[in-house]
Amino acid sequence: MASSPEIASTTINNECSKTSVKDETLLRFEPLSSCLDPNFWFKVCQLKLEVDKLDEVHRPIIGYYTSNNNPYMSFDCSSFNQEIIDETSFKYVARGYCLNKNTIDSFKICDKNELLREFGERLLDDFRSGKAIEDPSIIPAFDVLMYTDLKRYIFYYWFAFPSFSGPKYCLNDVPTLLENTLSSPQFDLLVFGFKNLKIDQRGFFGVISTKEGNLKVMTLKEYINIFKNNTESDSVGYLVFADPSDLLNNPGWPLRNLLYLILLHCPSIRTSVLKVIALRGSPSTKFSASMLFNIKVSSGNIFKQDAIKFVGWEKNAKGVFCPKYVDLSKTMDSTKQAKESVDLNLKLMKWRVAPDLNLDIVAKSKCLIIGAGTLGCCVARNLMAWGVRNITFIDNGKVSYSNPVRQSLYRHSHCINSNTYKATAAADVLREIHPEINSTGVVMSIPMPGHTANIDDHKNVDLLSKLIEDHDIIFLLTDSRESRWLPTMLSTLHNKLAITAALGFESYLIIRHGVKVPDVSTGEQKLGCYFCNDVTAPGNSLVDKTLDQQCTVTRPGVSNIAGALAVELFVSYIQLKYNVLANAKCCLGIVPHSIRGFLSDFQQIIPFTSSFFQCIACSTIVIDDFLNKKEEFLNNVFTNPNYLEDLTGLTSLKNEFENIEIFEMNDSDVEDSGTYSERV
Amino acid sequence: MSITYQQFVEYATDLKNHSDSIDDGWNICQYQCPMNGSFVNYLVKKEIQKRNNSSLKSDDSNSPNIPIVCEYHILYNLSYSCPDVFFNMWYTDGKLLSLEHVWSLVHSFLKQNVINDKWNAITQEMHPFFSTPFFRLHPCKNTHVLEMLGFSSKNNYEFNPLLSWLSTISPLIGLEIDLSYGNKDSTKFS
Ligand SMILES: [Zn+2]
C-alpha cells in the first residue's frame, strides 16, 4: 500500500496542485481511472454493428470497482448487461452511460465542457430527486464518450467521472485506522451487515451504534432518514463508503459525490463533523484496512444553482486531460490475428529447434511459380506454411475436371464452364487460405524452342524476363522439357536461384541452378542445370503426341513429395548467403544440388553435377548470343529446332559420337521427366 | 506425477480458502461444457499490477508507471492429468500485451533461462473455454515439474501440490505468490 500523502486531484480547472495532511487539512480525493477488458471492445463493436448502427444512443452501462487498494473502475463485456450476474464477488457497482459518436469529427468537435455540464446536471437531478438515495450505485457516476473505427479497430474514448467542484472539505483531525475505534466484535457486525446488503447498496451505506454498543448496518436511505430527523449538532453513527483509494490519507473519488448528496439532503449537518468510514479490504479479511475520516465543510454557499460547476474528465497516461486512443487491430482483426498465429507457429520452430533459423528472409522472399499444376499447387502451399508472403503464378491453362483431385488449390467450381485460368484461380485461393498473402496470377504461355513461332512470343520473353528479374526465387514446375528452356536461360542470365522439379511415373528430380557458384579450384563454375545433364536439345516434343500422352502420368504421391522437397531445398538454401556449393551446410542441415527419388524402391539420392559448357540452356555461348542479338537469336530458336545444338556445338559433338546410341527420352516416354530415373 | 480432477478441485479449494484469508483474490469459477452440460471448476485471479508502488504518484515522467491488468486461469487438463495455466495481460485501455512484452516482464532472475530455453516459455493459444487468445505454459512440462518436486500419486501430502507447482512456475508468468501460503496450517491431502 502506498502511504504517500500526496495526491493529484482531477479537475478540469487544473487545480491539480499537491497538498499534504500535515500543513493543510484540505481534503483531496483520489480520482478514479478507467480499466477496460479486451472483451469490452468486442462488445462495443458488436453493439454498434448490430444494434445501434447509425444511432448515437446514450447506452446505460455498468462499471465495477473494488476496495482493494485499486483506484480503478473496470469495464468488460458484462458492463452492457443491466442485471448484475455475480452477486458473490464483492465488487461494487457503478452505473453510467456510454455515448458512441458516429464520426471522428463529431467526437472531436463536441464541446467537452458543455458535455461534462450535461453529465453533471443529470447527476444533480438524480441527487435532488432522491433517486441516488434509493439506488446508491448512481453515486459514483461515469460517462464515456467514444468513437469506434470498426474497419480498422481503432477506438477513441474519454471517460468522465463527473463530480461537483465545490464545496471544499477539511479533515477535522488526522485520519486513523478504523481498528483503533471499532472493536473486533464490532467489525464482525459490520461485515455481517455488509453481506446482508444487496449488491447495489454495498458501495454506500450507514452504521449506527445501538444502546448496547452494537453496530447496526442500514441502507443509505434508512441512514439519511435518521439524519433528517436528527436535531443534535453532531452526526449519528458513521457514513460508510467502499473506498477504491490506494492512498492512506486520501479517500477515493466516490466519497466526493456521497458528501454532496448528504449535504444536499441534510442541510442541518453542513456545520457539523461527519464521521466517515472508508471501507478498505474485503469482507473475508473483515475490511481490516479501513480508515476513519472526520470531515467538515470548509466553504459554504455552493448549493446555489448558478454556482455549481463540474469536474471529472479523466487524464490520459501522460497526465493530460485529453481523449485516449487504442489500436486493437492486432487482437480484433481476424486477418492480423491469422498472421500473428502463423508467425508464432514458425517462431516456435526457431525457438524450440533451430535458433539460427532465419525466418525473415524466407518471409520476404518473392517466389515465382512457373506452372500452376500439381507441383505448383503443392509448392505454393508449402511456401505458405513457411510464412512466404509474396507468390506469383505463371500458367496459361484453365482448370479442368481432372485437376481438383490432384491439384490442391482447385475446386470443382473452378472447372464449370471451363472458364477459370489456373494462374488466377491459384492466386485467389491462396488469399482465401491466408488473407495476408500477396499473390498474383499471370496468364501467359512460355515461349518454347522449335515450336512454330507464336505472335506473342517476343513480348512474352520480355515479360518473363521481367518477372524473373523481379523475383528472388524461380520454381520451374512445368510439365514439358521445352517449356523449361527459356526460364532456365533467363534465371541464369539474371543470376536467380531456380529450382526445377520434374516428375516421372514413380520418380522425381529436384535440381537447383541459375545462381553462379564460383568454384575456388577451377575458376568460375556453376552447378549444372536440368539441361546440362542431357545432351538433346528440346525439339518439338509435343508434336506427334496424342492428348493422352501430354498429360502427366505419375503416382499421385510423387508430386507432393517433389513439391515439398523443392520448398525445403529453397528454405535451406536461403539460410546461406552466397556461394552455396553442393551439400553446403546450413542451420537446417545440408543443401544438396539435386535430389532424385524413386518410389518403386522408396530410395532417394542427392547427386551433384557441374554445369556443361555446351549446355543449350545455361552455357555462356547461349547467354551471350541472347544478349548480343536478341531478336535474331529468338527467331532462330523458335523456328529452327536444331539452332541451339548447332550454336553450342552439340551437333558436331553428336556427329562425332554418332555410333553411340543416345537415349531417346521424349519419344519413348509419355513424359520427358520419366527419363532421368534411368540416367542418374 | 498426475492428479485426478477430484484432487485438483480439492487442492484448488484449499488454495482459494487461504487466498480468502489474506485477500489474495483467487476465486473458483465454473464453466459449463456446451457439449454435455457438465460443469468444470477452475481457479481465476484477476489483478491490476501497478508494478512500482512507491512511484505511483511521483512526478518521475521518465519512467511512466503503466498499470497492467493480469488474469490467471488454472484449469485441469484432462489429457495430461495435471494443472494447466492460461493467462492474459493487458493495458487499462484493453490492449493485450505482446508475447515479447510478456517475456520481458518475466521475473528477472529467470530471464536468462527463458531466453536460453524457450521450451517452457510462453506461447499464445486459444483459451479452451472462451476461444480468445491467451498465453499458456505448455502443460507437458507440468507433470514433470510436479515429479521434480517429489510428488508421486501414491503419497499423502503434507503440502498442497497445486501450490508447490504454482509457486514453481509463478515467476514465469509474473505471478506473485504470498509467502504465507508456505506457512499456512498444513492440511492432510490424500
Ligand atoms: Zn545447363
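Hydrogens, waters and symmetry mates play no part in the numbers below; they use all other heavy atoms, side chains included. In what follows, chains carry the letters A, B, and so on, assigned in the order in which the sequence lines appear, proteins first and then strands, with residues in each chain numbered from 1.
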Inset, instruction - With the side chain counted from C-beta on, respond yes when B:S98 and A:K330 share a heavy-atom pair under 4.5 Å apart, and no when they do not. - result: yes
Inset, instruction - Would you kindly say whether A:N39 and B:T132 are connected by a side-chain donor-acceptor distance under 3.5 Å? - result: no
Legend entry - Close side-chain approach of A:D327 to B:K95, heavy-atom, < 4.5 Å: yes
Inset, instruction - Without swapping roles, check the side chain of A:W41 against the backbone of B:D93 for a donor-acceptor pair under 3.5 Å. - result: yes
Inset, instruction - Select one option (side chain, backbone, both, neither) describing which atoms of A:N70 are under 4.5 Å from chain B's heavy atoms. - result: both
Legend entry - B:S21/A:T285 under side chain to side chain contact (heavy atoms under 4.5 Å, CB included): CA gap, chis, key distance, verdict: CA-CA 6 Å; B:S21 71; A:T285 50; over 6 Å; no
Inset, instruction - Please indicate whether A:K286 has more than 12 foreign heavy atoms, meaning atoms of other residues, nucleotides or ligands, lying under 6.0 Å from its NZ. - result: no
Legend entry - A:S282 backbone acceptor or donor facing B:D23 side chain under 3.5 Å: yes
Legend entry - chain B contacts, top residue of A:F155, A:F42, A:Y157 (heavy-atom pairs, under 4.5 Å): A:Y157
Legend entry - Among the listed options A:L328, A:T66, A:D37, the residue most often paired with chain B at heavy-atom distances under 4.5 Å: A:D37
Legend entry - chain A contact via B:E71 - side chain, backbone, both or neither, heavy atoms under 4.5 Å: side chain
Inset, instruction - Measure from the side-chain N and O atoms of A:S284 to the backbone N and O of B:D20, and report whether any donor-acceptor pair falls under 3.5 Å. - result: yes
Inset, instruction - Would you give the length of the straight line joining atom OG1 of B:T92 to atom CZ of A:F75, rounded to the nearest 0.5 angstrom? - result: 11.5 Å
Inset, instruction - Side chain from CB out, backbone as N, CA, C, O: work out which of these in B:Y91 comes under 4.5 Å of a heavy atom of chain A, or both, or neither. - result: backbone
Legend entry - Non-hydrogen atoms of A:Y72 and B:I48 that approach each other most closely: CD1-CD1, 3.3 Å
Legend entry - Atom CZ of A:F192 with >12 non-hydrogen neighbours under 6.0 angstrom: no
